[in-house]
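Report on the structure given below.
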Amino acid sequence: MPVPPSLINGQAERRRTFAIISHPDAGKTTLTEKFLLYSGAVNAAGSVKARSGGRSARSDWMTMEQERGISIASTVLQFGYRDHVVNLLDTPGHRDFSEDTYRVLAAADAAVMVLDTAKGIEPQTLKLFEVCRARNMPVLTLLNKFDRPGLDPLELLDQIEDQIDLRPTPITWPVGIPGDFRGVIDRRSGDFIRFTRTARGSTAAPEELVPGDRAAAEEGGSWETAIEEVALLDEVGATHDDATFRSGKTSPLFVGSALTNFGVRHLLDGVIDLAPAPEERLTAEGDLRDIDAPFSGFVFKVQANMDKSHRDRVAFVRVNSGHFERGMTVTHGPSGKPFSTKYAASVFGDERETIDDAYPGDIVGLVNASGLQIGDTLYVDGCVEFPPIPRFEPEVFSIARPKDVSRFKQFRRGLSQLEQEGVVQVLRDEQSGDVSPVLAAVGVMQFEVFAHRLENEFGAIVELSPTAYTVARRTDAATAERLKNIGAVRVMSSDDGSLFALFESIYRLQRLQNENPDWCLERIVPS
Ligand code: G4P
C-alpha cells in the first residue's frame, strides 16, 4: 500500500538524525546514556553500559573490541522524545580514529559537539568538526562537566570562535562557576532553572523554576555575574539565529553536566527544537530529491561478520526519501539489479530488531547485503544517485605483506573485501601489486582492525611494516609522469583508479609545489 506524501512528510518532520562529536573522555557515552534516560528509553542511567556488561561495551561485537574495551562499530540508537523520533548515530569513541567515524557524519543532519569545560576544543573534536564544516552541517555545542572546575565560560566562547571560526550563541547560560554549578538561565525565556543533584545522576535532575528576585536573594554574587554576562552576550549579538545555525556558521550552545544530568534536558529539547528535520537531498546530478519522493537511500557503512555464527554482512542505509517497507524490492544503483530487503533490521552492537517501516532520516541495517558498497544508492521507481561519500585524507601509511606466501590467495581475498568495506584504503603500483600494497588510513587503529580481521576471517596473517611516507595528495597522470623522476616520492593508485602521490614530509611537498605551481597536487578534503 503506497503511503501518501503527507504521511511521509509528517514522519520526516518528526525525525532528528544527529551524531555526537567529541574528543575521548569529554562525555559522549555519558551524554548518550542521559539522552536515553530523559527519553524514557531506559529507567536508570547505567543500563546502556550494563546491558553489554562493561564500559563502552555497547557495540563490542568484535573480539578485538572486547579485548581492548573499545567500540569500533558505529551504529544507531533510535528513541522517542516529545512525539519525535530521534536517531542518534554513534561515532566510535576510541582514542584512535578511523574513516568510519567520518563516514557516519555523512548520514547525519546535525551534530552535537561535546566539549569538556576544563579543556575546550581538543584535537579529535577539531578533526570531526572540520568534516561538519565541510558539509555546512549545523552543530549544537555542549559545555560539559560544568560540575567540575574548568575554564571561564566566556573564555571558552572566545576559544571556540577563534579556533574553529564557529560563533557560539548560548541558549542557556550558567549560574555559578565551573565546579559550583547551580543552574542555568534560559536566554529564550529569561527563566532561572535551578538543578538538584540526584544520587550518581541515575535519575533525572529535579528542576526548579526560580523567579529573578528570589534568585538574586538566594544565589547572590553568582546570580549577579550571570545576569551581567547574559547582558554582555545580548550586547555583542551572540544570540541564536536559525539561518546562520543551519548553514553551520553559528552554534547554539548549552551548558551542563552529563554526569549529574544538569542541562541534559535543555540540550535534548534543543536538538528537537533547533536541529533540522531531514530535508530534500542533493543528488549526484545536482537535483534535489524530495522527502516524499519514492524510497531512496544510500549506504554509509558496511560491516561484515558482525555475527560470527552467521558470518553475515550488514549494510547501513540512511533513508533519504519516501517510505521504506521491509520486503520491498529496491534497485541497487550501481548494478541496476533488484535487491530484496527481507532482512531489514535495526542493529545496535549485537542486538537486532526487525524493522518493518522506516522514513527519511532513519537508518536501516540490511543483513546479508553482499554486493552493497559504501556510497551505493538504493531506490524504487525512477533512477536516482546520491553523491559519493568522500574519501578522507590519509595520515598514516603502512606496507602490507602476507606472512606466509602460501596463503597469498586468502590474503588477496581479504585485502579486496576489507578494501571494499573501507576498513583501509589500499594503494598499489606496478612494483607492489597485491603482494605488498601500501595501506593508507586516518588512524593506526584501522591497520589493527585490518590485520585482526584478515587473520580471523580470511586466515591470512599480515606483516605490516612502516613506510617513510607521511602525507598524500591526489594527483593526475601528467603530474604523475613528472613525479616519476623525483626521489622519495611514490605515485600509487586506489581501486577506483585515482592517483595519489606519497611524500615523506610536508616540507618536501610544499617545496615541490612552490617550484611547480602548475602541478596537480590536491588535498583530499571531504566535501
Ligand atoms: P567519552 O564517551 O566521550 O569517552 O566519555 P565518557 O562519557 O565515557 O566520560 C569520560 C569520563 O568523564 C567518565 O569518567 C565520566 O563519568 C566522566 N564524565 C562525563 N560527563 C561528566 C560530567 O558532566 N561531569 C563529570 N564530573 N564527569 C563526567 P570515568 O571516571 O573515566 O569513568 P566512569 O567510571 O565514571 O564510567
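Atoms within each ligand, like the ligands themselves, are counted from 1 in listed order.
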Consider salt bridge (Lys or Arg N to Asp or Glu O under 4.0 Å). Of Arg82, Arg16, Arg188, which one does Asp269 pass it with?
Arg82
Hey, is ligand 1 close enough to Gly256 that some N/O pair sits below 3.5 Å?
no
Counting each atom of ligand 1 from 1 as listed, which ones have a heavy atom of Gly27 under 4.0 Å away?
1 (P), 3 (O), 5 (O), 6 (P), 7 (O), 9 (O), 19 (C)
With a 4.0 Å heavy-atom cut-off (strictly under), which part of Ser257 contacts ligand 1: side chain, backbone, both or neither?
both
Do any nitrogen or oxygen atoms of Leu259 come within less than 3.5 Å of a nitrogen or oxygen of ligand 1?
yes
Would you say Pro24 has any N or O atom under 3.5 Å from an N or O of ligand 1, going by distance alone?
no
Can you confirm whether Arg148 sits close enough to Pro178 that some side-chain heavy atom of one is under 4.5 Å from a side-chain heavy atom of the other?
no
Location of contacts on Lys145 toward ligand 1, heavy atoms closer than 4.0 Å:
both
Is the Phe397 ring parallel, tilted or perpendicular to the Tyr469 ring (thresholds 30°, 60°)?
perpendicular
How far apart are the closest heavy atoms of Ala118 and Pro149, and which atoms are they?
CB-O, 3.8 Å
In this structure, is the centre-to-centre distance between the rings of Phe262 and Phe181 below 6.0 Å?
yes
In terms of atom number and element, which parts of ligand 1 are under 4.0 angstrom from non-hydrogen atoms of Asp25?
1 (P), 3 (O), 4 (O), 5 (O), 10 (C), 12 (O)
For Thr30, the ligand 1 atoms with a heavy-atom partner under 4.0 Å come out as 6 (P), 7 (O), 9 (O), 15 (C), 19 (C)
Hey, does Val462 have a side-chain heavy atom less than 4.5 Å from the side chain of Phe450?
yes
Any N or O of Thr260 closer than 3.5 Å to N or O of ligand 1:
no
Pro278 and Arg318: which non-hydrogen atoms are nearest, and at how many Å?
CB-NH2, 3.7 Å
